[in-house]
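Have a look at the structure below, then the notes.
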Amino acid sequence: MSPPPSRSARPAEAAEAATPPLGLSGLLARAPRALALLPAAAFLLMVLAPPLNHDVAAILNFAERWVAGERLYRDLIDVNPPLIFVLTAIPAWIAHWTPLDGVQALLLCVLACCFAAWRMTARLRRDRAEGAVERAVLDALVPLAILLPAYDVGQREHLMALFAIPYAFLAARRIEGPPVSRPLAWAVSLPAAVGFALKPHFLVVPLLVEGLVLLRRGPAAALRDPLPWGMAAVWLLYLASLPLLFPAYLDFVVPLVMGFYLANGGVGLIDVLLTAPFAPAALMLAALAPFAIRPAAGATAQALLAVGLGGTIAAWVQHKGWSYHIVPMAMAGALLAGLLAARWMDRALPPARAASVAPGFALAVAVAVALLHIRGESPWRQIWYFDLRDGQIATTLRREVAGERLLVLSPDIYPVYPALNYARARSTLRTMNLWLLVGAYPDCPEGAPRYRETWEMSRPEFLVYRTVAEDFARAPPAGVLVAKNSGIPRCGAEDFDPIAYFSRHPAFAETWRRYTRVVHMDTYLLYVRED
C-alpha cells in the first residue's frame, strides 16, 4: 500500500484537478475564471478613458517642455526630484518622434510597466506551491491590484507599488524557495529599486521587506544575498548624480521646497490618521496583520504586509491626506486580503472540493475588491468627463488654442491638467501653477497694500513676478488662462487679481494690450491674443 499523500502535495493535486478538460465542457468550466478577470478589465477601461491623472499630466507637460529644449529646474521649476521627469521623458520622446500624442504615449508606457509587473509576478508564481483557490484568486487579483488605482494610475505611488508587488513575491521566494534564476531576480529587483527611488519616503518599503528577509533567513544568508546591495547601489548612484546632472535642484529648488511647499496644503501628522482615504486603508491593514504574521499565512502574505505597512508610513509622513498617497496600501491590502482568504479555503476544504469552488470564489473576491475600491471619481469622472465642467475647459482649449503656448495664471493643478494635455497646449509658466505666489500671500495683514512693491518681495515672489512678465513679453503666447479664484485670501472686499498684479510690470502691461477677446467659462477666463 502506498503512503497517503502529504499535506505539501495538495497544491499540485489541486492544480491538476482544477485544470478543466478540453471541449465544450472545458470552456464552460473555464468561464468563471474568465469572469473573474472582468473587474480588472473594467478598471483597465477606466485607466484608458479620460481624464489622465492631473499630477501625471502636469509632469508630462513639463517633460515635453524639457524634451523641447527648456532647462529642468531653471526654466521648469518644480518640487519633484528629477527621477520622475527622467522616466516621463520617455513617453515625451515617443510623442516627439511618432504620431502618438503625449497622453497616448504615456498610457502606452504605463501599461507596458503594468504588463511587465504582471508577467514578473506570474513567473515568480510559476513553480511556487499554491492551492487551487489561492491560484485562482491570485490569477484574478494580481491584474486587478495593478490597475486598482484607476484615476491614479501613473502616479509615483502607483509606479512604486507596481514593482513592489513582484518584489514582495520575490522576497517570499528568497525566504521559502524554490530558488529563483539570477536574471529573473535582477529583472524584478532593479525596477523595484527605481520605483523606491521616486520619493525618499518610499525607501521604508524595502527597509521593511529586507528586514523580513533578514529575520526569516538569518543574517548569514540574508547579508550574502547580492540583491539588496544591488538595489542600494542604484540609490547611491542616483543620489550621486544629483549634484552632477541636476545641481539646480539642490541649490535652488530644495530651499524653495523647505520655505514654501512643505508648509502649503498639509495637515497635521495626527490629523492625517483620521482623513477619509487614509483611515480605512490603515484599518484594513491593521485588521489583516494578525492573520498575516501567523506561520500558516506564509512568506508571501508577510512580504505583502511589509509593503502595505511601508506604504502606510510613507503616506503618513507626507501628511497631506491626498487620495493617491494610499495607493500602495490599497494595492498590497487587496492582494493580502485575497491571499489570506484563499489560503484559509485551501486548508479548510479537501483538494477536489477546493478545485471546484476556486473559480467562483475568485470571482466573488475580485468583485468585492473592485466594488470596495470604486471611489467618487471612478468610473463616473471617466464616463462624463467631457460633459462635466472640468472637461469643458479641455473642450474650450482644444477649440481656441489647440497646439499653442498658453500662460496659465492659476493656483490649481486640476483641471488645468489634463485639459492642456488634451489640447496639446503647453504652459509657459515656469512652475506648474502659482504655488510660489500663493505661498507668498498666505494671509492679509491689516493695513498692508494688496500687492507688495518689488523691493518688499521675497526672492521667490520676485522670481515669479519678474519671470512671468519677462517671458510673457519676450514670446507672447496664444492665450492666457486665468482662474477666477486666485487661491489667495481676499483683503476686505478686494480679491487678488493676477492680471492686475503682473500688469504693474511695464513689459507685461504693454504686451497685455494685445489680448482683447475673452472666452468665459465657469471657473476660468481665457484671453486670446488678437494679432
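Each residue takes its place number in the sequence, starting with 1. Below, all heavy atoms of this structure are taken into account, side chains as well, without hydrogens, waters or symmetry copies.
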Heavy-atom distance under 4.5 Å between the side chains of [X] and [Y], does that happen here?
X      : Y      : value
Leu481 : Leu407 : no
Glu157 : Pro149 : no
Ser189 : Leu170 : yes
Phe502 : Val464 : yes
Arg399 : Val519 : yes
Asp471 : Arg430 : yes
Pro460 : Leu436 : yes
Leu434 : Ser410 : no

Are side-chain N/O atoms of [X] and [Y] paired as donor and acceptor at under 3.5 Å?
X      : Y      : result
Tyr385 : Asp390 : no
Asp55  : Gln155 : yes
Asp412 : Tyr524 : yes

Is it true that the NZ or CZ of [X] lies under 6.0 Å from the centre of [Y]'s six-membered ring and within 45 degrees of the ring axis?
X      : Y      : value
Arg452 : Tyr441 : yes
Arg504 : Tyr501 : yes
Arg490 : Phe496 : no

**OP:** Before giving the answer on ring-ring contact (aromatic ring centres under 6.0 Å, His included), spell out for Phe196 and Tyr167 the whole-Å C-alpha distance, their side-chain angles and the decisive distance to 0.1 Å.
**Re:** CA-CA 11 Å; Phe196 297 136; Tyr167 171 65; 5.4 Å; yes

Going from [atom1] on [X] to [atom2] on [Y], what distance comes out if it is rounded to the nearest 0.5 angstrom?
X      : Y      : atom1 : atom2 : answer
Leu48  : Leu107 : CG    : CG    : 6.5 Å
Asp522 : Ile393 : CG    : CD1   : 8.0 Å
Thr395 : Met521 : OG1   : CE    : 10.5 Å
Phe43  : Leu144 : CZ    : CG    : 6.0 Å
Ile499 : Tyr515 : CD1   : OH    : 10.0 Å
Trp235 : Phe202 : CH2   : CZ    : 13.0 Å

For [Y], is there any backbone N or O sitting under 3.5 Å from a side-chain donor or acceptor partner on [X]?
X      : Y      : value
Asn421 : Ala57  : yes
Thr88  : Phe85  : no
His96  : Ala92  : no
Glu510 : Ala507 : no
Lys320 : Ala315 : no
Arg405 : Ala475 : yes
Asn433 : Trp435 : yes
Gln392 : Phe386 : yes
Arg529 : Pro476 : yes
Tyr422 : Leu52  : yes

As a test of understanding, state which of [options] forms a side-chain contact (heavy atoms from CB on, under 4.5 Å) with [X].
X      : options                        : value
Val408 : Leu420, Val480, Asn61          : Leu420
Pro82  : Leu242, Leu245, Leu87          : Leu242
Pro247 : Asp251, Leu250, Leu244         : Asp251
Val468 : Thr431, Leu463, Leu429, Thr428 : Leu429
Met329 : Leu309, Val307, Leu285         : Leu285

If you look at every heavy atom in [X] and [Y], which pair is closest and at what distance?
X      : Y      : answer
Met331 : Ala161 : SD-CB, 3.5 Å
Ser427 : Tyr417 : CB-OH, 3.7 Å
Pro442 : Pro489 : O-CG, 3.5 Å
Ala306 : Leu208 : O-CD1, 3.7 Å
Arg426 : Ala68  : NH1-CB, 3.1 Å
Ala303 : Ala168 : CB-O, 3.4 Å

For this output row, return yes or no: ring centroids of [X] and [Y] closer than 6.0 angstrom.
X      : Y      : result
Phe115 : Trp118 : yes
Trp512 : Tyr527 : yes
His505 : Tyr465 : yes
His158 : Tyr151 : no

Original post:
So does Glu400 pair up with Arg517, basic N to acidic O under 4.0 Å?
Top reply: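 A salt bridge links Glu400 with Arg517.
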
Original post:
Does Arg514 pair with Glu530 as a salt bridge, N-O distance under 4.0 Å?
Top reply: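 Salt bridge absent between Arg514 and Glu530.
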
**OP:** Decide yes or no on side-chain contact (heavy atoms from CB on, under 4.5 Å) for Leu60 and Glu64, but give the supporting numbers first.
**Re:** CA-CA 6 Å; Leu60 174 61; Glu64 289 176 317; 4.2 Å; yes

**OP:** Any chance you could lay out the side-chain contact (heavy atoms from CB on, under 4.5 Å) test for Asp78 and Leu72, step after step, and finish with the verdict?
**Re:** CA-CA 9 Å; Asp78 189 65; Leu72 189 60; over 6 Å; no

**OP:** Apply salt bridge (charged side-chain N to carboxylate O under 4.0 Å, His left out) to the pair Arg65 and Glu70, showing each step before the final yes or no.
**Re:** CA-CA 6 Å; Arg65 293 171 62 182; Glu70 296 186 57; 3.0 Å; yes

**OP:** Could you label the plane-to-plane angle of the Trp93 and Trp97 rings as parallel, tilted or perpendicular, counting under 30° as parallel and over 60° as perpendicular?
**Re:**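 Taking Trp97 first and then Trp93, their aromatic rings lie parallel (interplane angle under 30°).
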
Original post:
Run the side-chain contact (heavy atoms from CB on, under 4.5 Å) check on Ile84 and Leu159 step by step: do they pass?
Top reply: CA-CA 10 Å; Ile84 189 59; Leu159 296 177; 4.1 Å; yes

**OP:** Show the numbers, then the answer: is there a side-chain contact (heavy atoms from CB on, under 4.5 Å) between Met160 and Val205?
**Re:** CA-CA 10 Å; Met160 180 273 280; Val205 176; 4.0 Å; yes

